[in-house]
Amino acid sequence: MTEVLHAPAKLTLSLRVTGICERDPFRGFHLIDAVMTTLDLHDVLEITELPPGTESRVEYVGRFSAGLDGRSGTDLVSRALQAAGRSAEVIVTKNIPHGGGLGGGSSDAAAVLRWAGVTDLDVAARIGADVAFCLSGHGRARVQGIGEIVDPLPDEPGTVTLVVPPFSVSTPAVYRAWDDLENLGESG
């Protein structure tokens, strides 16, 4: 049986980097204090469970699927399946542009975790910093730590206009650039 799930985009309304995670500094996770909200824009996942031990298959289709490959097993959906200990065929229709800071991959991974019955925010945050927020549900929240501390906030309905440039930005590369700026300040 195939289940169809929606994975909403997230928007970071404010972000403050407060440090680097000391318990796992080599993975490059940063400590944050942010306010995030979900958007109506969403990816659609079609998930068909496979027998245990079967290799999972992830395929990306749709307008914003160019450059995404689930065959390597390193994408966030594949990592979520691995973390949940489940095997599935997942077809992800990408309506959320990847590399635009809208948490599309994180939301897709969170949808897989919800499907698999995983509710542990620490497990979600180890997959990716935004996955815990996306797993916690819809709405607005303050997010801290490496993303595993999610405190719901009252919704503030509004309209957002997204302007998405025709290129993507790697989140790890952005944080590395942030670290380089911090290091420049220390040496000068």
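Only this structure's heavy atoms are used, side chains among them; waters, hydrogens and symmetry mates stay out. Just so you know, these numbers come straight off a predicted model, no measurement behind them.
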Asp75/Ser78 under side chain to side chain donor-acceptor pair (under 3.5 Å): CA gap, chis, key distance, verdict: CA-CA 5 Å; Asp75 62 298; Ser78 295; 2.6 Å; yes

Side-chain heavy-atom pair Asp151, Gln144 within 4.5 angstrom cut-off: yes

Euclidean distance, Thr38 OG1 relative to Leu11 CG, rounded to 0.5 Å: 10.0 Å

Gly147 to Ala132 - nearest heavy-atom pair and separation: O-CB, 3.1 Å

Minimum-distance pair of heavy atoms, taken over all atoms of Ala124 and Leu135: CB-CD2, 3.8 Å

Minimum side-chain heavy-atom gap Phe64-Ile96 below 4.5 Å: no

Nearest atoms (heavy-atom pairs only) where Leu102 meets Pro97: CD1-CD, 4.0 Å

Side-chain heavy-atom pair Phe167, Val169 within 4.5 angstrom cut-off: yes

Partner residues of Thr12 under the side chain to side chain donor-acceptor pair (under 3.5 Å) criterion, sequence neighbours left out: Lys10

Pairwise side-chain contact, Val112 with Leu45, heavy-atom cut-off 4.5 Å (strictly under): yes

Return a table of donor-acceptor pairs under 3.5 angstrom between the side chains of residues 86-93 and protein atoms on other chains or two or more places apart.
| unit_1 | atom_1 | unit_2 | atom_2 | d |
| --- | --- | --- | --- | --- |
| Arg86 | NE | Glu49 | OE2 | 3.1 |
| Arg86 | NH1 | Ala116 | O | 3.2 |
| Arg86 | NH2 | Glu49 | OE1 | 3.2 |
| Arg86 | NH2 | Glu49 | OE2 | 3.1 |
| Ser87 | OG | Thr54 | O | 2.6 |
| Glu89 | OE2 | Arg57 | NE | 3.4 |
| Glu89 | OE2 | Arg57 | NH2 | 3.3 |

Leu5 reachable from Val61 in the ILVMFWY side-chain graph, under 4.5 Å edges: no

Flag side-chain contact, heavy atom, 4.5 Å: Leu39 against Pro8: no

Test item: Val35 and Arg140 side chains (from C-beta on) under 4.5 Å apart, heavy atoms: yes

Same apolar cluster (I L V M F W Y, side chains within < 4.5 Å links), Val164/Leu41: yes

Partner residues of Thr119 under the side chain to side chain contact (heavy atoms under 4.5 Å, CB included) criterion, sequence neighbours left out: none

Check: Arg71 main-chain N/O paired with Asp69 side-chain donor or acceptor under 3.5 Å: yes

Val77 to Ala109 - nearest heavy-atom pair and separation: CG2-N, 4.3 Å

Salt bridge (charged side-chain N to carboxylate O under 4.0 Å, His left out) partners of Arg63, counting only residues at least two apart: none

Partners passing side chain to side chain contact (heavy atoms under 4.5 Å, CB included) against Ile32 (at least two apart in sequence or in another chain): Leu15, Ala34, Met36, Val143, Tyr175

Sub-4.5 Å side-chain heavy-atom contact between Leu113 and Ile127: yes

Leu81 and its side-chain contact (heavy atoms from CB on, under 4.5 Å) partner, picked from Val58, Leu76, Ile47: Val58

Which atom of Arg79 lies closest to which atom of Thr74, heavy atoms considered: CD-O, 3.2 Å

Candidate pair Arg16 and Asp33, rule salt bridge (charged side-chain N to carboxylate O under 4.0 Å, His left out), full reasoning: CA-CA 5 Å; Arg16 190 166 58 96; Asp33 187 353; 3.3 Å; yes

hydrophobic_cluster_shared for Val123 and Val131, side chain cutoff 4.5 Å: yes

Contacts of type ring pair (Phe, Tyr, Trp, His ring centres under 6.0 Å), residue His98, not counting sequence neighbours: none

Shortest non-hydrogen separation from Leu153 to Arg142 and the atoms involved: CD1-N, 3.6 Å

Phe133 backbone acceptor or donor facing Ser136 side chain under 3.5 Å: yes

Short side-chain to backbone donor-acceptor contact, Gln82 and Ala80, under 3.5 Å: no

Whether Asn95 side chain and His42 backbone form a donor-acceptor pair below 3.5 Å: yes

Leu13 with Val160, same ILVMFWY side-chain cluster at under 4.5 Å: yes

